[in-house]
Peer 1: 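Before I ask anything, let me first share the structure, which is written out below as structure tokens.
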Amino acid sequence: MSNYPYQIRSREQYDAAYKRSVEDPEGFWAEVADSFQWHRRWDKVLEWNFTEPKVRWFGGAKLNITENCLDRHLAERGDQPAIIWEPNNPEEDFRVLSYKELHFKVCQFANVLKNNGVKKGDRVCIYMPMVPELAIAVLACARLGIIHSVVFGGFSAQSIADRIQDAQCNLVITSDGGFRGNKEIPLKSVIDDALVQCPSVKKVIVLTRTRVAVSMIKGRDVWWEDEVRKVETQGNPVCPAETMDAEDMLFILYTSGSTGKPKGVVHTCGGYMVFTAYSFVNVFQYQPGDVYFCTADIGWITGHSYIVYGPLAAGATTLMFEGIPTWPDAGRFWDIVDKFKVNILYTAPTAIRSLMGFGLDFVKNKDLGSLKVLGTVGEPINEEAWHWYDENIGKGRCPIVDTWWQTETAGILISNMAGITPGKPAHATLPLPGVQPILVDEKGEELQGNSISGNLCIKFPWPSIIRTTYGDHERCRQTYFATYPNLYFTGDGALRDEVGNYRITGRVDDVLNVSGHRIGTAEVENAINMHTGVVESAVVGYPHEIKGQGIYAYVVFSGGSHDNDLASKDIVQTVARIIGPIAKPDKIQFVKGLPKTRSGKIMRRILRKIAEGELQNLGDTSTLLDPAVVDEIRNGRL
Ligand code: WT7
């Protein structure tokens, strides 16, 4: 008997659950939802249409997700580790927070938030390193019904400012700095730069981490530790959880698309909780007592759903790592696995490829015997990396789950279930129960049968589907629900093999996936164009051995002669300033002009082919305004 009534334990159970979820979705999800704690049960499990779009799961139900992640576990597993934290530097002490301690600290920090004037419905921006206080801050917001917007520590001041302004946040939680490998990241200083543009922010709570010198502005900036001490002297350790509607916003997470600025993807309380816990328990086949390690950062959706909410809602032990895979050396992940006897490891193909490059010296003296299940996420995994992971880390005895999903889906939609449904190298394989993928052609016609490829859409809502893009519902409709009527469009292309396994082949829109991070080409172009010397630019992706995709920029520069090398560096610096280091172009080619049609549209297809090194068959170039630019670009390829 499994500890989770909704845990699927055999292929037959998967088939039955899948069938039921399609025939009776409401009955199916009501049963799963019954395993959680609600203040009030729902009136209606699901109401939906994909035209507005409008999706309501568990309408009328009341809950608080943190009671499900914390309070609910206290009686049975209060002393069990909820979070194990491994610092960047292996010589610093690790920390273990039991469910009891985590509950206590979340309540305490929620009281800090109250003292600082934020309340239900307010938006709070969190910009922190991977320390337990980041999870505590996230959960404290959720406890009070405050909507968190976590911004990854690699984004620039300008990116933070854009996100804070869009959501009109009135409080920021940050730290003095953060450690990553041999670097110290000056988080508070970046926040100070951002806040010059953000009058909505009245308070900044600053955690001590690196104790680098920071400015502390009177009336605005307060230290985390001082505020906690105040709460202690107030003497009330409890903080009752706000009662939330299932469809109240839980958080906003910004993500890039093919056009414009990043949009705030909105997720809500009830459906998100049910689906993240359900998918966590089933895909990874989590068993009570297992130690689970997801190497993502909480600044991305993977960290939200599969470091914090999903595992904690399932009462699991989740390991948080502050550092990077290659410091002090490329054996860091494997040392952590051995140190804490990790049973389930969830990481990104880019990390695997990077560690592969360091050779087996960093693996050979490690035990890794505790591992039972391996997972990957974020981008297609190439077969070579899959086999390396399987043989050298899993020692051929751990199923690998290749989990396909997106910020907008909030949880894993297509994946094998470890040891339950078969994996296949480079294939995400089968949809989870409740998920109804289809492939369509350009016209939106559904492609029937197997051994076909097309654009990946989902035709029925699952509980954690995106509800809106913050402040701009029309943009949500346009981006995801307007390409094909009555379908959620993922932006990905996929194949369905002869037995129905899905293989995700990558984005079919102008979105890049660099080291598992999503970056819009338009966003990078806008940043490049901010550089004084740049007239215009076009950005495309190209295959990169470690990053999956690299960023290739074609730049038209003003003036006659310039120092290419210096200008490149200045452009890279400009992009780092505007977006952040993660969006730095890998290659910059200066060109006299871009290939455009007579109507002025840049022909990206050609640029993509040249960047990929496919210099022949560029396709039809007869509609180009000036076909000669193509030769110039081709000859100057980097
Ligand atoms: C895009 C979503 C899902 C959390 C991390 C990324 C790509 C994601 C896979 C996979 C092939 C994958 C897709 C998707 N992607 N997982 N297992 N196989 N591609 O979240 O930043 O929202 O990016 O990542 O292209 O659309 P995200």
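In listed order, ligands and their atoms are each counted from 1. Here, residue 1 is the first one in the sequence, and each next residue gets the next number. Treat the numbers as computed from the prediction; the structure is a model and nothing was measured. Keep in mind that the numbers below use all heavy atoms, side chains included, and drop hydrogens, waters and symmetry copies.
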Peer 1: Tell me whether the centres of the aromatic rings in F275 and W29 are closer together than 6.0 Å.
Peer 2: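 Under 6.0 Å, so yes.
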Peer 1: Does M417 reach the side chain of V401, with side-chain heavy atoms less than 4.5 Å apart?
Peer 2: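 Side chain of M417 against side chain of V401, heavy atoms only: no contact under 4.5 Å found.
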Peer 1: Would you say Y389's side chain and G375's backbone share a donor-acceptor pair under 3.5 angstrom?
Peer 2: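 Here the side-chain-to-backbone pair exists.
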Peer 1: Kindly say whether T302 contributes a backbone atom to a donor-acceptor pair with the side chain of H304 at under 3.5 angstrom?
Peer 2: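 Side chain of H304 to backbone of T302, a donor-acceptor pair under 3.5 Å: no, none is there.
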Peer 1: For ligand 1, which atoms, with element, lie under 4.0 Å from some heavy atom of D402?
Peer 2: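 In order of number, 10 (C), 17 (N), 18 (N).
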Peer 1: Between T490 and ligand 1, is there a nitrogen or oxygen pair with a distance under 3.5 Å?
Peer 2: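 No - when backbone and side-chain N and O of T490 are compared with those of ligand 1, no distance drops under 3.5 Å.
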Peer 1: Run the numbers for me: atoms of ligand 1, each under 4.0 Å from some heavy atom of I504, listed by number.
Peer 2: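 Going through ligand 1 atom by atom, the ones under 4.0 Å from I504 are 11 (C), 19 (N).
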Peer 1: Donor-acceptor check, side chain of T429 to backbone of N416, threshold 3.5 angstrom: yes or no?
Peer 2: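 Side chain of T429 to backbone of N416: a pair is present.
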Peer 1: For ligand 1, which atoms sit closer than 4.0 Å to a heavy atom of I301?
Peer 2: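 It comes down to these atoms of ligand 1: 4 (C).
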Peer 1: Less than 3.5 Å between some nitrogen or oxygen of Q406 and one of ligand 1, yes or no?
Peer 2: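 Min N/O separation from ligand 1 is below 3.5 Å for Q406.
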Peer 1: Can you sort out which atoms of ligand 1 are near R518, meaning under 4.0 Å from one of its heavy atoms?
Peer 2: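 This gives 2 (C), 21 (O), 22 (O), 23 (O), 27 (P) as the contact atoms.
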Peer 1: May I ask which of I414, T429, T302 has a heavy atom nearer to atom 4 (C) of ligand 1 than the others do?
Peer 2: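 Shortest heavy-atom distance from atom 4 (C) of ligand 1: T302.
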Peer 1: Under 4.0 Å from a heavy atom of T403: which atoms of ligand 1 are those, numbered in the order shown and with their elements?
Peer 2: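 Counting from 1, the qualifying ligand atoms are 9 (C), 10 (C), 16 (N), 17 (N).
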Peer 1: How far is atom 2 (C) of ligand 1 from its nearest protein heavy atom, and which residue and atom is that?
Peer 2: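 So the nearest neighbour among protein heavy atoms is W405 O, 3.7 Å.
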Peer 1: Write out the residue and atom name of the closest protein heavy atom to atom 11 (C) of ligand 1, then the distance separating them to 0.1 Å.
Peer 2: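 Ranking protein heavy atoms by distance from atom 11 (C) of ligand 1, first comes P380 N, 3.1 Å.
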Peer 1: Looking only at distances, can you tell me whether any N or O atom of T255, backbone or side chain, sits closer than 3.5 Å to an N or O atom of ligand 1?
Peer 2: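 No, since none of the N or O atoms of T255 sits under 3.5 Å from an N or O of ligand 1.
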Peer 1: Within 45 degrees of the ring normal and closer than 6.0 Å to the centroid, is that where the cationic atom of K587 sits relative to Y542?
Peer 2: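 Checked: cation-pi criterion met.
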Peer 1: With a 4.0 Å cut-off on heavy atoms, does G378 reach ligand 1?
Peer 2: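 Yes, G378 has a heavy atom closer than 4.0 Å to ligand 1.
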Peer 1: Near D492, which atoms of ligand 1 are under 4.0 Å from a heavy atom of that residue?
Peer 2: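 The atoms of ligand 1 under 4.0 Å from a heavy atom of D492 are 13 (C), 14 (C), 25 (O), 26 (O).
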Peer 1: Just say parallel, tilted or perpendicular for the rings of Y309 and H148, cut-offs at 30° and 60°.
Peer 2: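 Ring orientation, 0 to 90° scale: parallel.
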Peer 1: Just to be sure I'm reading this right: ignoring hydrogens, which of E379, H517, H427 gets closest to atom 12 (C) of ligand 1? Compare them by their nearest heavy atoms.
Peer 2: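 The residue whose heavy atom sits nearest atom 12 (C) of ligand 1 is E379.
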Peer 1: Is there a side-chain contact between V291 and L319, using heavy atoms and a 4.5 Å cut-off?
Peer 2: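 They are in contact (side-chain heavy atoms under 4.5 Å apart), so the answer is yes.
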Peer 1: Between N501 (side chain) and A428 (backbone), is there a donor-acceptor pair under 3.5 Å?
Peer 2: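 Answer holds: no.
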Peer 1: Under the criterion salt bridge (Lys or Arg N to Asp or Glu O under 4.0 Å), which of E408, E523, E379 is the partner of R518?
Peer 2: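 Answer after filtering E408, E523, E379: E408.
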Peer 1: Any idea which atoms of ligand 1 are less than 4.0 Å away from a heavy-atom of N513?
Peer 2: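 Listed by number with element: 7 (C), 24 (O).
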